[in-house]
Undergrad: 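Pasting a structure here, questions to come.
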Amino acid sequence: MKEKYYITTPIYYPSAEFHIGHCYTTIIADAIARYKRLSGFDVFFQTGTDEHGLKIENKAKEAGVTPKEYVDKIIENAKDLWSRLNISYDFFIRTTDDFHVKKVQEIFKKLYDQGDIYKGEYKGLYCVPCESFWTETQLVDGKCPDCGRDVSEVTEEAYFFKLSKYQKKLEEYYETHPDFIEPVSRKNEMLNNFIRPGLEDLCVSRTSFKWGIPVTFDEKHVIYVWIDALTNYITSLGYPDITPEFKKYWPADLHLVGKEIVRFHTIIWPAILMALDLPLPKQVFGHGWLIIDGGKISKSLGNYKDPREYIDSYGVDAVRYFALREVPFGSDGTFSEKALITRTNADLCNILGNLVSRTIQMGIKYFDGNVKNPEIYDTIDSDLLEPLKDLKVNVDKKMSELKINEALDCIFDILRKCNKYIDDTTPWVLAKDEENKDRLETVIYNLLNAIHKCALLLQAFIPDTADKILASLKVNNRSFENFADKIILYELGNEKPANLFERIKED
Ligand code: MSP
């Protein structure tokens, strides 16, 4: 039986249209999911939308529509965006889905019945745009630490989750599961800034707005944010029913989240799971932000374009490649259209596209498109063939460490070596002398073989481009199980290959 792998993105707020920051997390999750599938895992990849709350209620009011009408339109666009980005999710959950609503109500009631949720009174400082409550000490210059706007004091009757009860257990869990939070700096931040100073119980219901899941036993309350949002990762599998899907996929192997919601995923979510007596996800990875002009790309600040414009201008794989390659995964990085163009020209056009088209053209010109391996080797070949032997092991290792940009760098290093190999072996000189025919064929074969192996791996990252390359090499076995396969004869046909990437003008 195949080993399972369950990976999630955060469920995004459909309070405004999605931007390149949402694409960033989703593209990375997609590349990991594809890599695992190609490696033979039974993958479940989930994304979705977090649709309740005051902010969306207010936005809908401004737009003169119901909250459901408001989010429906944004979600239609989001799904179109994911399809155009080739996001291979297995399930898209919406927190307004009937099944989710019912299951959240059951979970809330269960936690209440067992004493983990109780009724109290909430007094706090609230930031409306971020839908977050803050303590005095968390404010920066008296303002919301996330968006810098004013907060207001609010008092109301509310239900609370006994988060404080889980402080010790969480600390112990972190100690006994050193890989639970990555990168490790985020784990230290959680311990030092939140857990050790003491956890307060968490407000989990509101009476001041209506757009949320009602508490079944006290209808003036709606469930506030986290018990609704975080449980998406298990309601989709059927929980509280212990379904075959739940048994198979839970616990999740990886929750990918932006750094600003690491706290919710590594403190609140584990505490809820502990209260439900369920196993915890194996890992939460908190990645950095893509920033624009030195600041966060933000729906509230409105400083972004519809990512579909970048896809239209530069192609889906240019956008995917940029997200995966540009920034070391975990750190913040800058997004700009200029950087996207530079990266596309330098790597996709110059290193990959030119190599593939040059090599195929030589295969057609010198061998009528049928290239086998006469095995006339030269010492120079080892500069390419030796590193190629280690490629798969190296990329596997980088992917298991979630060093996505470094995984791509291993592949592009081989492609760079291919270009150098062409310069060093000078096939056009070999072609002048019929005596060198077998040596020339060995050179072209080695290049095709290296491109073939790189394209197999690239399927996880830039699937359209990888498919085109594998199709032109007539490679049908594309799972990683076939990675070591030797192709006896590459049949390229005799049509000049179309350019994979056109050079983009830098102005
Ligand atoms: N709804 C909550 C998450 C609930 S998960 C149970 C939420 N939604 S959000 O719409 O604000 O999306 C947050 C996520 O989008 C971030 O955690 C991150 O993964 C992604 N990003 C949003 N802006 C981003 C950048 N500028 N850069 C990188 N990722 C960004 O929080």
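None of these values were measured; they are calculated from a predicted model. Throughout, residue positions are numbered sequentially from 1 according to the sequence presented. Counting starts at 1 for both ligands and their atoms, following the listed order.
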Undergrad: Taking only heavy atoms of Tyr24 into account, list the atoms of ligand 1 that are under 4.0 Å away from them.
TA: 28 (C)
Undergrad: Atom NE2 in His177, atom CG in Asp179: separation rounded to 0.5 Å?
TA: 9.5 Å
Undergrad: Using a strict cut-off of 4.0 Å, indicate which atoms of ligand 1 neighbour a heavy atom of Asp50.
TA: 1 (N), 2 (C), 4 (C)
Undergrad: Is a donor from one side chain sitting under 3.5 angstrom from an acceptor on the other, for His265 and Tyr233?
TA: yes
Undergrad: Would you check whether Trp226 has a nitrogen or oxygen atom less than 3.5 angstrom from a nitrogen or oxygen atom of ligand 1?
TA: no
Undergrad: Taking all non-hydrogen atoms of both residues into account, name the closest pair between Arg320 and Ala460 and its distance.
TA: NH2-O, 3.4 Å
Undergrad: Under a 4.0 angstrom heavy-atom cut-off, which atoms of ligand 1 come close to Gly288?
TA: 28 (C)
Undergrad: Among Leu202, Ile272, Ile213, Val215, whose side chain to side chain contact (heavy atoms under 4.5 Å, CB included) with Ile227 holds?
TA: Ile272
Undergrad: Determine whether the aromatic ring centres of residues Phe412 and Tyr321 are separated by less than 6.0 angstrom.
TA: yes
Undergrad: Check ligand 1 against Thr25 and write out every atom of the ligand that is under 4.0 Å from a heavy-atom position of the residue.
TA: 18 (C), 19 (O), 20 (C), 29 (N)
Undergrad: Give a yes or no on whether a salt bridge exists between Arg37 and Asp30, defined as a side-chain N under 4.0 angstrom from a carboxylate O.
TA: no
Undergrad: Which ligand 1 atoms does Pro10 reach within 4.0 Å, using its non-hydrogen atoms?
TA: 5 (S), 17 (O), 19 (O)
Undergrad: Are Phe335 and Tyr24 close enough that their ring centres sit under 6.0 Å apart?
TA: no
Undergrad: Taking the minimum heavy-atom distance to atom 28 (C) of ligand 1, which of Ile261, Thr231, Leu290, Ile28 ranks first?
TA: Leu290
Undergrad: Check for me whether Lys79 meets the cation-pi criterion with Phe92, that is, NZ or CZ under 6.0 Å from the six-membered ring centre and within 45 degrees of the ring axis.
TA: yes
Undergrad: Which ligand 1 atoms, with their elements, are less than 4.0 angstrom from a heavy-atom of Gly258?
TA: 16 (C), 17 (O), 18 (C), 19 (O)
Undergrad: Under 4.0 Å, heavy-atom basis, I'd like to know which part of Tyr12 is in contact with ligand 1: side chain, backbone, both or neither.
TA: both
Undergrad: Against heavy atoms of His19, which atoms of ligand 1 measure under 4.0 Å?
TA: 22 (C), 23 (N), 24 (C)
Undergrad: Look only at interatomic distance and state if Asn232 has a nitrogen or oxygen under 3.5 Å from any nitrogen or oxygen of ligand 1.
TA: no
Undergrad: Can you check which of Ala29, Ala16, Gly286, Gly21 brings a heavy atom nearest to atom 21 (N) of ligand 1?
TA: Gly21
Undergrad: Considering non-hydrogen atoms only, spot the tightest contact between Ile223 and Pro214 and give its length.
TA: CD1-O, 4.3 Å
Undergrad: Between Trp289, Tyr304, Tyr233, flag the one that comes closest to atom 6 (C) of ligand 1 by a heavy atom.
TA: Tyr233
Undergrad: Counting only heavy atoms, which portion of Lys259 has something under 4.0 Å from ligand 1: side chain, backbone, both, or neither?
TA: neither
Undergrad: For a side chain to side chain contact (heavy atoms under 4.5 Å, CB included) check, start with the C-alpha distance between Thr26 and Tyr89, then their side-chain angles and the critical distance, and finish with the verdict.
TA: CA-CA 9 Å; Thr26 314; Tyr89 60 79; over 6 Å; no
Undergrad: Does any N or O of ligand 1 fall below 3.5 Å from an N or O anywhere on Tyr13, backbone included?
TA: yes
